[in-house]
Undergrad: 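Let me give you the structure first, and then I'll get to my questions.
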Amino acid sequence: MPYFAHRRLFLCLSSLLVSTASAVVEVSLSLSVPSNAPELSPSLLSFSIEGDRWTDWTGTTSKNQFLYNALDNLKTLTGVPPSIRIGGDSEDHTNFNPNVEFSEAIFPDFSTTVPYPEATNVTVGDGYYETARFLPSGMRITWGVNFGQDNLTAAFLTARSMAKAFSSPAMKDAGVTLDFVEIGNEADWYINNGARPSNWTSVDYTQEWTEFASNISETVGMSSTSHTKFFVGSFITSSNSTTGFSPQAIYAEGILDSEPGAFITTFSQHQYSGVFSEGDEDLLQELMTKENIRGNLSVHSTDIAVTHSRGLDYVLGEANSFANHGVSNVSNTAGAALWALDYTLFASQLGISHVFFHEGVGYKYNFIQPVELTRSILDGSALPEPVAPHVQPPYYAAIIIGEAIGNSNQTQAVELSIDNSRISGYAFYEHDVLVRAVVINSQAYMKAETTSRSSTHLDLGFLGESESRPTTVQVKRLAIGHADDDSGLTWGGQTYETNDARAQGELEIETMQVASGLDIAETEAVLLSFIY
Ligand SMILES: *[C@@H]1O[C@H](CO)[C@@H](O)[C@H](O)[C@H]1NC(C)=O
Ligand SMILES: *[C@@H]1O[C@H](CO)[C@@H](O)[C@H](O)[C@H]1NC(C)=O
Ligand SMILES: *[C@@H]1O[C@H](CO)[C@@H](O)[C@H](O)[C@H]1NC(C)=O
Ligand SMILES: *[C@@H]1O[C@H](CO)[C@@H](O)[C@H](O)[C@H]1NC(C)=O
Ligand SMILES: *[C@@H]1O[C@H](CO)[C@@H](O)[C@H](O)[C@H]1NC(C)=O
Ligand SMILES: *[C@@H]1O[C@H](CO)[C@@H](O)[C@H](O)[C@H]1NC(C)=O
Ligand SMILES: *[C@@H]1O[C@H](CO)[C@@H](O)[C@H](O)[C@H]1NC(C)=O
Ligand SMILES: *[C@@H]1O[C@H](CO)[C@@H](O)[C@H](O)[C@H]1NC(C)=O
């Protein structure tokens, strides 16, 4: 019997208490795990870091304690730190020189629209790879090598240095491992950026990839039993067909059947919701909108199914809100935190095992700014005072996902069917039992809003038979002033916007009867923990 029957009495009372609640939405949760609920990786939300300033993230001769803490917070929640992929545009401009200690990069001039551009030329030495030892133990790394410049010697020398770093006693003591090597970033874009002629096709990609991979697999000691394997693809487009650049095309062209192709265990797709554009007032709401999130991710459904049928894992190896480092006052805001939360959890429902959010020093869409900045991330203007390392609003999405997954090492999640265009939700199960739920209200409440902020009442009901059903629920809220705020969020009363990335403030957890339901405001997310 549905639980709704029991709570009719309470509805009158709760709507008297909360006069702003303008609508009621039914949220039905299955007590036992639905058969289609995927198991979530504890590192579902991971990071991709632009390679040109990698040692700014880690530190060179000692660890960057701020980054370490920001990652360690997440590790504490699930037991496993987020994975990190190092690559991006600068990956295809990286070469090796044994006389360079860490790395030397040449940057183009910055502009108001691109305040922190990628380096056009990066030269690295052994110390560049060795700094990965400063990351939290359990960290799993994916590292890209240069394919764009079609210089096998450059790829070989960097891969050899990488292999040396990861087999060193210092790295083994640190507990940091190399999961994957990636050969080239967005090779499907080479015909646009001049790295390959305009007649270059996925057939050429497959053949050249195989040649590079033969060398690199031997150089890093890949075998059927080695821990390190290949990521393949890292395309920014997909034709969803067996022609053009797509997973379906390269599988059909035999990439998996080649000798090094046997070491491919993952296909990586890149994904942004659009490209850089300023001045669209509705952009933040469009980003947050439930239907758009589903639209942007569902285009990959067939590629995911085909990838799984080949026995491979499918990841978004580089993703974020808007390409070219994000959009000012959109990508760096609280609304983008709600976007990242819904986006990552929805991705898990499609069979995407990891979403690597792209980051670079000074990028607008960062979760973490790992070093002091002296110019504005929004327009490149000189800041009156340097800004210390800090987390940006999307970081809270990583924390919430970590708490929702927890450290059971066997958490499954399913999207809740909620009949509302602004409210989405997910239920989390440990060992078949409903333990938590996340609900997101993605109606953007902006600073310029003149009407009062509305709330929606969530009417909780349970489906299915179970020996016991929860009667009490603990609620943590992601409190946000406005969708376009770039700071000042709190999670369960606590802030992570501190000088050491550790949480500060009194923990605020509301305990309520399941039967009374709860309200969720515009631009808010809640985590419900069920008490049996
Ligand atoms: C990159 O910089 C290095 C060091 O300055 C230089 O030797 C090399 O020629 C440059 N490479 C390219 C492709 O410009
Ligand atoms: C890889 O390529 C480099 C540069 O051409 C070469 O020196 C090295 O011997 C090659 N290694 C393997 C295992 O093919
Ligand atoms: C390829 O990389 C090697 C190793 O750094 C370098 O010596 C060589 O000049 C590069 N070739 C070209 C064409 O840039
Ligand atoms: C592709 O274009 C290059 C010149 O840019 C030419 O040398 C090559 O033959 C072309 N390949 C094919 C298959 O047409
Ligand atoms: C992707 O999201 C953007 C907004 O961020 C939206 O404009 C676009 O229509 C979405 N694309 C699809 C295919 O849903
Ligand atoms: C991909 O293409 C197939 C075959 O045309 C089609 O059935 C499917 O709906 C497409 N998938 C997506 C996600 O567009
Ligand atoms: C972004 O917001 C700031 C205020 O926080 C404002 O000064 C700036 O003009 C805005 N930039 C854009 C591009 O809208
Ligand atoms: C977590 O689960 C995986 C398989 O799902 C297993 O391989 C691994 O050993 C487990 N880890 C722990 C710490 O229990």
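As the structure lists them, so they are numbered: ligands from 1, and atoms in each ligand from 1. One-based numbering along the sequence shown.
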Undergrad: Please report whether ligand 6 has a polar contact with Asn240, defined as an N or O pair separated by less than 3.5 Å (distance criterion only).
TA: yes

Undergrad: With salt bridge (Lys or Arg N to Asp or Glu O under 4.0 Å) as the test, would you mind laying out the steps for Arg294 and Asp342 before giving the verdict?
TA: CA-CA 9 Å; Arg294 280 136 190 83; Asp342 198 13; 3.1 Å; yes

Undergrad: Checking side-chain hydrogen bond (donor to acceptor under 3.5 Å, both in side chains) between Gln443 and each of Glu524, Arg422, Lys290, which is the one that passes?
TA: Arg422

Undergrad: Within a distance of under 4.0 Å, is there any protein heavy atom near atom 2 (O) of ligand 4?
TA: yes

Undergrad: Below 6.0 angstrom between ring centroids: does that apply to Phe322 and Tyr272?
TA: no

Undergrad: Would you find a donor on one side and an acceptor on the other, under 3.5 Å apart, between the side chain of Arg133 and the backbone of Lys63?
TA: no

Undergrad: Can you list the atoms of ligand 6 that are under 4.0 Å from a heavy atom of Thr302?
TA: 1 (C), 8 (C), 10 (C), 11 (N), 12 (C), 13 (C)

Undergrad: Heavy-atom contacts with Phe96 under 4.0 Å: which atoms of ligand 3 show up? List them by number with element.
TA: 5 (O)

Undergrad: Looking only at protein heavy atoms, which one is nearest to atom 14 (O) of ligand 4, and how far off is it?
TA: Asn199 ND2, 3.2 Å

Undergrad: Is the distance between the ring centroids of Trp339 and Tyr365 less than 6.0 Å?
TA: no

Undergrad: Out of Asn97, Thr153, Asn151, who is nearest to atom 6 (C) of ligand 3 when you count heavy atoms only?
TA: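 Among Asn97, Thr153, Asn151, the closest heavy atom to atom 6 (C) of ligand 3 belongs to Asn151.
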
Undergrad: Any ion pair linking Arg436 and Glu430 (charged N to carboxylate O, less than 4.0 Å)?
TA: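 Yes, this pair counts.
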
Undergrad: Which protein non-hydrogen atom lies closest to atom 5 (O) of ligand 4, naming both residue and atom, and how far is it?
TA: Pro197 CB, 3.7 Å

Undergrad: Can you find a protein heavy atom under 4.0 Å from atom 9 (O) of ligand 3?
TA: no

Undergrad: Report, in ascending order of atom number, the atoms of ligand 6 lying under 4.0 Å from any heavy atom of Ser298.
TA: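 Going through ligand 6 atom by atom, the ones under 4.0 Å from Ser298 are 13 (C).
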
Undergrad: Could you find the nearest protein heavy atom to atom 4 (C) of ligand 3 and give me its residue, atom name and distance?
TA: Asn95 OD1, 3.5 Å

Undergrad: Would a 4.5 Å heavy-atom cut-off, applied to side chains only, mark Val25 and Ile520 as touching?
TA: no

Undergrad: Does the side chain of His300 pick up a donor-acceptor pair with the side chain of Gln269 at under 3.5 Å?
TA: no

Undergrad: Show me which atoms of ligand 3 lie under 4.0 Å from any heavy atom of Leu157.
TA: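 This gives 4 (C) as the contact atoms.
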
